[in-house]
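As structure tokens, the structure follows; a few thoughts come after it.
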Amino acid sequence: TLADGTRVWLLLDTGSPATISVWRGFAKQHPGVVKPVSSGHASDPAGPTSELRGVGLFGGRYERVPITIETGPPRLWERSRVVGRVGMGLLRNFRITVHPSTERIWAERVTPTVDR
């Protein structure tokens, strides 16, 4: 759930180091939710940076979440409700269990431990 109450679908991408990536079209349609932080330049490897004003994920609430804006997947694959993906920047805070046959996901918040 985004800051304005919009409910969206995000893919879980354990191979991505990003916090959240959203498709460019979604970002353009929701300027009140996706806020540019710097303009960036094409020569800058990080490119422009943006943030989500707020997002609710697995029962937690996150404010001013740094995001990457990217081109979405090909139209044949894309589901209309999927607007981006969540990467390990947020997923590392959860123990996630997926039950494929029922298509259910359980997420348990984990407390980071410190090695001594």
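All values derive from a computational prediction rather than experimental measurement.
With sequence neighbours excluded, no residue forms a side chain to side chain donor-acceptor pair (under 3.5 Å) with T71. For R64, the salt bridge (charged side-chain N to carboxylate O under 4.0 Å, His left out) partners two or more places apart in sequence, or in a different chain, are E51. In this structure, the side chain to side chain donor-acceptor pair (under 3.5 Å) partners of R95, at least two apart in sequence or on a different chain, are E108. Listed by chain and number, the residues in a salt bridge (charged side-chain N to carboxylate O under 4.0 Å, His left out) with E63 are R61 (sequence neighbours excluded). Remark: L10 engages V8, V83, V86 in a side-chain contact (heavy atoms from CB on, under 4.5 Å) (not counting sequence neighbours). Judged as a ring pair (Phe, Tyr, Trp, His ring centres under 6.0 Å), and not counting sequence neighbours, the contacts of F58 are F94. Listed by chain and number, the residues in a side chain to side chain donor-acceptor pair (under 3.5 Å) with T14 amount to none (sequence neighbours excluded). Evaluation of the side chain to side chain donor-acceptor pair (under 3.5 Å) rule for R104 yields no partner, not counting sequence neighbours.
When all heavy atoms of A18 and T68 are compared, the closest pair comes out as CB-OG1, 4.2 Å. Residues F26 and V34 come closest through the heavy atom pair CE2-CG2, 4.5 Å. Taking all atoms of both residues into account, the shortest heavy-atom contact from R53 to G32 is NH1-O, 2.6 Å. In terms of heavy atoms, A27 sits closest to V22 at CB-CG2, 4.3 Å.
For residues 83-94, every residue pair satisfying the salt bridge (Lys or Arg N to Asp or Glu O under 4.0 Å) rule, not counting sequence neighbours, is listed here: D13-R85, E70-R85. Each salt bridge (Lys or Arg N to Asp or Glu O under 4.0 Å) pair with one or both residues in residues 15-26, not counting sequence neighbours, would appear here, but there are none.
Of the candidates L52, I20, L90, L90 is the only one forming a side-chain contact (heavy atoms from CB on, under 4.5 Å) with Y62.
The hydrophobic cluster containing V110 does not contain W106, counting ILVMFWY residues as joined when their side-chain heavy atoms lie under 4.5 angstrom apart, directly or transitively.
Annotation: the span from T6 atom OG1 to H30 atom NE2 amounts to 4.5 Å, rounded to 0.5 Å.
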Checklist entry - Does the side chain to side chain donor-acceptor pair (under 3.5 Å) test come out yes or no for S101 and H99, once each step is laid out? => result CA-CA 6 Å; S101 65; H99 193 281; 3.2 Å; yes
